[in-house]
Amino acid sequence: MLSYRHAFHAGNHADVLKHVALVLLLDYLTSKPKPLWYVDTHAGAGVYDLERGFATQLAEHAGGIGRLWDAPPPTPALERYLALVRSLNPDGRLRRYPGSPWLAQQLLRADDRLLLFELHPADHAALAETIRGRRVRVAREDGLRGLRGVLPPEPRRALVLIDPSYEVKTEYRQVCDALRDALRRFRTGAYAVWYPLIEHAEAREFPAALRALGAASWLAAELQVRRPGPGMYGSGLFVINPPYTLPDSLEPTLAALARRLGEDDGAEHRLEWQID
């Protein structure tokens, strides 16, 4: 969707969930010596200005990272995530919020690679300007289609983040089709799929469709910040081939986020997994 701009939603509760989990995944994967590829199918602009432009129109970060900024982090996972966001705001004022590519670049090592896909021309230009390096490739193309050309990776180790807008209902099916193909090519890769919690049939059926792909190891984490109703009331992350350490790190963190980011008595979290 060339009309979609993530800057409108930067730093919201969905970003917090997605990025806390991303940091946990990358910290684990980079603890192993073999090189790693990070692939982002919908990379966005890289970094977002919270004080001007699109981010100020909805100011969704106020209900996400803004609620965590001035309080002591209640879990090690949130402490790690907040330290990275604070490094982008060294004067202590929350002015900018990092996208997934920026976080990944901070955590990857010299021998690791970033493969970033972004179709929107303005966001692609911003991404290419922000995320640079000898081992960075920024491509202006459809990331779901682009997976076919990069999997399996040379080192046989990769984390793939799939984070579309889902503004078009067919994107749910397209994600499942792309994942099915990716698993045929590279079954041992780690895949993290973000999805919204909204009152649409396609969204309600999506978690079951992801499980039906048949991965032997998976984890499903959901954070609901209010009672179901109009708009996005939460989001989820489905991880294929997650680290065995992920549930123990996420469970207290999700509980803390439900308390900190909850908007009414419908705030809750869910965490399920099957890890071989």
Side-chain angles (χ1 to χ4, degrees), residues 4-28 30 38 40 42-110 112 114 116 118 120 122-133 135-136 138 159 161 163 192 194 223 225 232 235 237 249-250 252-254 256-263:
Y4 178 81
R5 306 297 296 277
H6 187 70
F8 286 104
H9 313 289
N12 68 0
H13 59 81
D15 266 358
V16 172
L17 169 63
K18 175 177 58 183
H19 291 152
V20 169
L22 177 64
V23 171
L24 287 170
L25 288 166
L26 285 172
D27 274 348
Y28 179 86
T30 55
Y38 170 77
D40 199 323
H42 298 76
V47 171
Y48 302 95
D49 191 330
L50 300 178
E51 295 190 324
R52 61 175 61 88
F54 296 133
T56 64
Q57 295 189 28
L58 300 176
E60 289 189 7
H61 64 278
I65 183 65
R67 293 195 179 187
L68 304 173
W69 192 250
D70 293 321
T75 71
L78 283 172
E79 183 176 14
R80 173 74 164 136
Y81 156 73
L82 283 167
L84 287 163
V85 182
R86 291 187 193 284
S87 72
L88 188 61
N89 298 274
D91 66 354
R93 179 173 171 179
L94 181 58
R95 302 173 185 270
R96 297 195 295 168
Y97 187 79
S100 304
W102 188 92
L103 290 168
Q105 189 175 44
Q106 309 313 301
L107 299 174
L108 293 181
R109 305 154 300 179
D112 300 328
L114 289 90
L116 310 175
E118 177 51 51
H120 194 286
D123 283 352
H124 172 267
L127 182 66
E129 179 67 23
T130 302
I131 311 297
R132 299 179 177 184
R135 295 188 174 273
V136 177
V138 179
L159 171 61
L161 177 63
D163 177 26
W194 177 87
L223 174 65
V225 298
M232 184 174 69
S235 67
L237 197 73
S249 296
L250 270 184
T253 298
L254 287 170
L257 289 176
R259 292 192 299 269
R260 291 280 183 91
L261 307 186
E263 299 172 9

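For the pair Leu25/Tyr38, no side-chain contact is recorded, criterion being any heavy-atom separation below 4.5 Å from C-beta on. Side-chain contact between Lys18 and Leu103: absent, with no pair of heavy atoms (C-beta onward) separated by less than 4.5 Å. Side-chain contact check for Leu78 versus Leu257: some heavy-atom pair is nearer than 4.5 Å. With a 4.5 Å cut-off on side-chain heavy atoms, Leu223 and Val16 do not count as touching. Between Arg260 and Pro74, the closest side-chain pair of non-hydrogen atoms falls below 4.5 Å. At least one side-chain heavy atom of Pro101 sits less than 4.5 Å from a side-chain heavy atom of Leu127.
Although no hydrogens or angles enter the test, the distance criterion places a donor-acceptor pair under 3.5 Å between the side chain of Trp69 and the main chain of Gly92. When atom types are taken as modelled, the side chain of Arg67 and the backbone of Gly262 share a donor-acceptor pair closer than 3.5 angstrom. Checked by atom type and distance alone, the side chain of Glu129 never pairs as donor or acceptor with a backbone atom of Ala45 at under 3.5 Å. Of the possible polar contacts, none joining the Arg96 side chain to the Val47 backbone as a donor-acceptor pair under 3.5 Å is found.
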Item to complete: Kindly indicate, with the supporting measurements, whether the criterion side-chain hydrogen bond (donor to acceptor under 3.5 Å, both in side chains) is fulfilled by Trp102 and Thr130.
Response: CA-CA 8 Å; Trp102 188 92; Thr130 302; over 6 Å; no
Practice prompt. Step by step, work out the side-chain contact (heavy atoms from CB on, under 4.5 Å) result for Leu261 and Leu68.
Written response: CA-CA 8 Å; Leu261 307 186; Leu68 304 173; 4.3 Å; yes
Practice prompt. Apply the test side-chain contact (heavy atoms from CB on, under 4.5 Å) to residues Leu107 and Arg80: give CA-CA distance (whole Å), side-chain angles for both, the deciding distance (0.1 Å), then the verdict.
Written response: CA-CA 11 Å; Leu107 299 174; Arg80 173 74 164 136; 3.1 Å; yes
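Contact record, Ile131 with Val138: O-CG2, 4.0 Å, taken as the closest heavy-atom pair. Nearest heavy atom pair, residue Ala14 against residue Met232, reads CB-CE, 4.0 Å. When every heavy atom of Ser100 is checked against every heavy atom of Asp40, the shortest pair comes out as CB-OD2, 3.4 Å. Taking both residues in full, the closest heavy atoms of Ala21 and Leu237 are given as CB-CD2, 3.3 Å, listed atom of the first, atom of the second, then distance. For the residue pair Asp15 and Gly11, the shortest heavy atom distance occurs at OD2-N, 2.9 Å. Minimum heavy-atom separation, Leu26 to Leu108: CD2-CD2, 4.0 Å.
Residues that satisfy the side chain to side chain contact (heavy atoms under 4.5 Å, CB included) test with Pro76, not counting sequence neighbours, are absent from this structure. With sequence neighbours excluded, the residues forming a side chain to side chain contact (heavy atoms under 4.5 Å, CB included) with Asp91 are Arg93, Arg95, listed by chain and number.
Identified under the ring pair (Phe, Tyr, Trp, His ring centres under 6.0 Å) test for residues 72-97, with sequence neighbours left out: His19-Tyr97.
The CD atom of Gln106 sits 7.0 Å away from atom CG of Leu84, with the distance rounded to the nearest 0.5 Å. With rounding to the nearest 0.5 angstrom, the CD1 atom of Ile65 is 13.5 Å from the NE2 atom of His13. Taken from CG in Leu24 to OG in Ser249, the straight-line distance is 5.0 Å, to the nearest 0.5 Å. For the atom pair NE2 (His120) and NE2 (His42), the distance works out to 13.0 Å, reported to the nearest 0.5 Å. Taken from CD in Gln105 to CZ in Arg135, the straight-line distance is 13.0 Å, to the nearest 0.5 Å.
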